Amino acid sequence: MAVEQTLSIIKPDGVQKNLIGEIISRFEKAGLEVIAARMMHLTIEEAQGFYAVHKERPFYGDLVSYMTSGPVMVQVLSGDGAISKNREIMGATNPADAAAGTIRADFADSIEENIVHGSDASETAAVEIDFFFGDGVCPRTR
Ligand code: CMP
């Protein structure tokens, strides 16, 4: 499987529940490496821009409010098949559908507040990584 990069966000509910270490630990135990990370409080414009693809969806306004309600951790994960591996570890968008042992099954309260975000394909991963880490990531040298 090819080495990929994917964007991961620990959303405001994940940060509030003090799950940053728990979540990153799950990624690392699955062989993914963090090659960029930043804690930040998104502005309304940033949240609108990041989720522009959803702007016609009925949940868009609530999504922007939620994503700006507290700080988030944005990070780039790298590894073999990182995009699908991250999505497997996160579980389905709706925690009610998420497989047992996934982050969303274990910690998410609802489809709206679902703890984490992960890129869904290589094209979106490239756009999403550039959105937050346009200045570059920090590849591992050891
Ligand atoms: P995420 O994977 O970040 O992509 C879009 C986000 O919108 C999703 O996680 C949820 O936080 C939120 N959302 C709210 N309602 C829905 C819905 N009905 N379907 C998909 N995503 C939703």
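All figures in this text were calculated on a predicted structure; none of them were measured in a lab. Each ligand, and each atom within it, is numbered from 1 in the order the structure gives.
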Atoms of ligand 1 less than 4.0 Å from E112 heavy atoms? 10 (C), 11 (O), 14 (C)
Does some side-chain heavy atom of D120 sit less than 4.5 Å from a side-chain heavy atom of I83? no
Any heavy atom of H54 under 4.0 Å from ligand 1? The part involved is side chain
Side chain, backbone, both or neither: which part of M90 has a heavy atom under 4.0 Å from ligand 1? neither
Residue and atom name of the nearest protein heavy atom (relative to atom 10 (C) of ligand 1), distance in Å to one decimal: I111 O, 3.2 Å
Examine H117 against ligand 1 and note whether any of their N/O atoms are separated by less than 3.5 Å. yes
Tell me: protein heavy atom nearest atom 2 (O) of ligand 1, and distance? R104 NH2, 3.4 Å
Modelled atom types, side-chain donor and acceptor of S78 and E33, under 3.5 Å: no
Identity and distance of the protein heavy atom lying nearest atom 1 (P) of ligand 1: K11 NZ, 3.4 Å
About how many Å separate OG1 of T6 and CZ of R87, when rounded to the nearest 0.5 Å? 8.0 Å
Top protein contact for atom 21 (N) of ligand 1, by heavy-atom distance: F59 CZ, 3.7 Å
When rounded to the nearest 0.5 Å, the distance separating NE2 of H117 from CE of M67 is 8.0 Å
Considering heavy atoms of the protein only, find what lies nearest to atom 6 (C) of ligand 1 and give residue, atom and distance to 0.1 Å. L63 CD1, 3.8 Å
Select one of side chain, backbone, both or neither to describe which atoms of N114 lie under 4.0 Å from any atom of ligand 1, heavy atoms only. side chain
Residue Y51 vicinity, atoms of ligand 1 by number, heavy atom under 4.0 Å: 1 (P), 3 (O), 4 (O), 5 (C)
With rounding to the nearest 0.5 angstrom, report the NZ to OH distance, K55 to Y60. 7.0 Å
Minimal non-hydrogen separation, I115 against K17, with atom names: CD1-CD, 4.1 Å
Indicate the atoms forming the closest heavy-atom contact of V15 with M39, along with that distance. CG1-CE, 3.5 Å
For the atom pair OG (S69) and CG (D62), what is the distance rounded to the nearest 0.5 Å? 11.5 Å
